[in-house]
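Data block below; observations after.
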Amino acid sequence: QVQLIESGGGLVQAGDSLRLSCAASGRTFSTYRLGWFRQAPGKEREFVATISRGGSTTYYADSVKGRFTISRDNAKNTVYLQMNSLKPEDTAVYYCAATTGYPVVDAATGYNYWGQGTQVTVSS
């Protein structure tokens, strides 16, 4: 089992950048596929990005492609989400997720473990 704790959220202006971090407990971090999802008020949780166990493969939602970058440091048990050129529509609670399986990578149902979320608010 793994516990995930997100940090780095905040209030920024449109065009600014933020880097989210997600620290994981446990000694088997490298065995998990990791993802970031987000949920805006009144909307369903949506996929943002995912990264493979070794970090060599990433996949992004079209809405963030070219602006967001997911990365991981298996030595530090941490996954990151670098968010550039932020837009008001990026405002949401951002969740880190992990899975031991081989799911459809952009489906929230495929992830076993979730963090508590961190709020990102982008003002116009």
Side-chain angles (χ1 to χ4, degrees):
Q1 189 168 349
V2 63
Q3 291 184 321
L4 305 170
I5 301 176
E6 301 97 335
S7 61
L11 172 62
V12 297
Q13 293 187 331
D16 285 350
S17 298
L18 272 178
R19 188 175 82 155
L20 305 183
S21 299
C22 175
S25 63
R27 297 179 292 177
T28 59
F29 183 75
S30 62
T31 67
Y32 293 90
R33 166 173 286 278
L34 300 166
W36 286 96
F37 290 76
R38 66 187 182 186
Q39 188 166 18
K43 295 188 177 181
E44 293 186 353
R45 191 168 298 189
E46 65 172 1
F47 167 76
V48 175
T50 186
I51 189 166
S52 60
R53 288 163 174 79
S56 61
T57 305
T58 57
Y59 178 63
Y60 297 92
D62 287 343
S63 58
V64 307
K65 200 173 296 182
R67 300 188 297 122
F68 291 11
T69 302
I70 188 172
S71 62
R72 66 190 294 166
D73 185 336
N74 285 345
K76 295 183 178 179
N77 281 15
T78 303
V79 60
Y80 305 97
L81 185 68
Q82 177 66 44
M83 306 186 294
N84 298 330
S85 302
L86 283 161
K87 304 175 181 179
E89 50 263 44
D90 295 318
T91 295
V93 177
Y94 282 71
Y95 296 91
C96 174
T99 179
T100 54
Y102 294 84
V104 174
V105 297
D106 58 353
T109 54
Y111 291 77
N112 311 83
Y113 306 103
W114 293 85
Q116 83 288 349
T118 185
Q119 177 71 47
V120 172
T121 303
V122 184
S123 63
S124 57

CD of E46: more than 12 outside heavy atoms within 6.0 angstrom?
yes

Counting only heavy atoms not in K43 (residues, nucleotides, ligands), do more than 12 fall under 6.0 Å from its NZ?
no

Transitive ILVMFWY side-chain link L20 to W114, under 4.5 Å
no

Salt-bridge test for D90 and K87: reply yes if a basic N is under 4.0 Å from a carboxylate O, no otherwise.
no

Under 30°, 30 to 60°, or over 60°: which ring-plane class applies to F47 and F37, parallel, tilted or perpendicular?
perpendicular

Ignoring hydrogens and angles, tell me if any N or O in the side chain of [X] forms a donor-acceptor pair with the backbone of [Y] under 3.5 Å.
X: E6; Y: C22; value: no
X: N84; Y: T69; value: no
X: R19; Y: Q82; value: no
X: T50; Y: L34; value: yes
X: Y60; Y: I70; value: yes
X: R67; Y: S85; value: yes
X: R38; Y: T91; value: no

Please report the closest heavy-atom contact between [X] and [Y], naming both atoms and the distance.
X: A49; Y: L81; result: CB-CD1, 4.3 Å
X: A40; Y: A92; result: N-CB, 3.8 Å
X: R72; Y: F29; result: NH2-O, 2.9 Å
X: S21; Y: T78; result: CB-CG2, 4.3 Å
X: A24; Y: V2; result: CB-CG2, 3.7 Å

By the definition side chain to side chain contact (heavy atoms under 4.5 Å, CB included), identify the one residue from V122, V64, L18 that meets it with M83.
L18

May I have the step-by-step check of side-chain contact (heavy atoms from CB on, under 4.5 Å) for Y80 and D73, ending in yes or no?
CA-CA 8 Å; Y80 305 97; D73 185 336; 4.2 Å; yes

Apply the test side-chain contact (heavy atoms from CB on, under 4.5 Å) to residues W36 and F68: give CA-CA distance (whole Å), side-chain angles for both, the deciding distance (0.1 Å), then the verdict.
CA-CA 11 Å; W36 286 96; F68 291 11; over 6 Å; no

Can you tell if the side chain of [X] reaches within under 4.5 Å of the side chain of [Y], non-hydrogen atoms only?
X: L4; Y: Y95; answer: no
X: T28; Y: T100; answer: no
X: V79; Y: C96; answer: yes
X: S30; Y: R53; answer: no

Applying side-chain contact (heavy atoms from CB on, under 4.5 Å), run through Y111 and R33 and close with a yes or a no.
CA-CA 9 Å; Y111 291 77; R33 166 173 286 278; 3.9 Å; yes

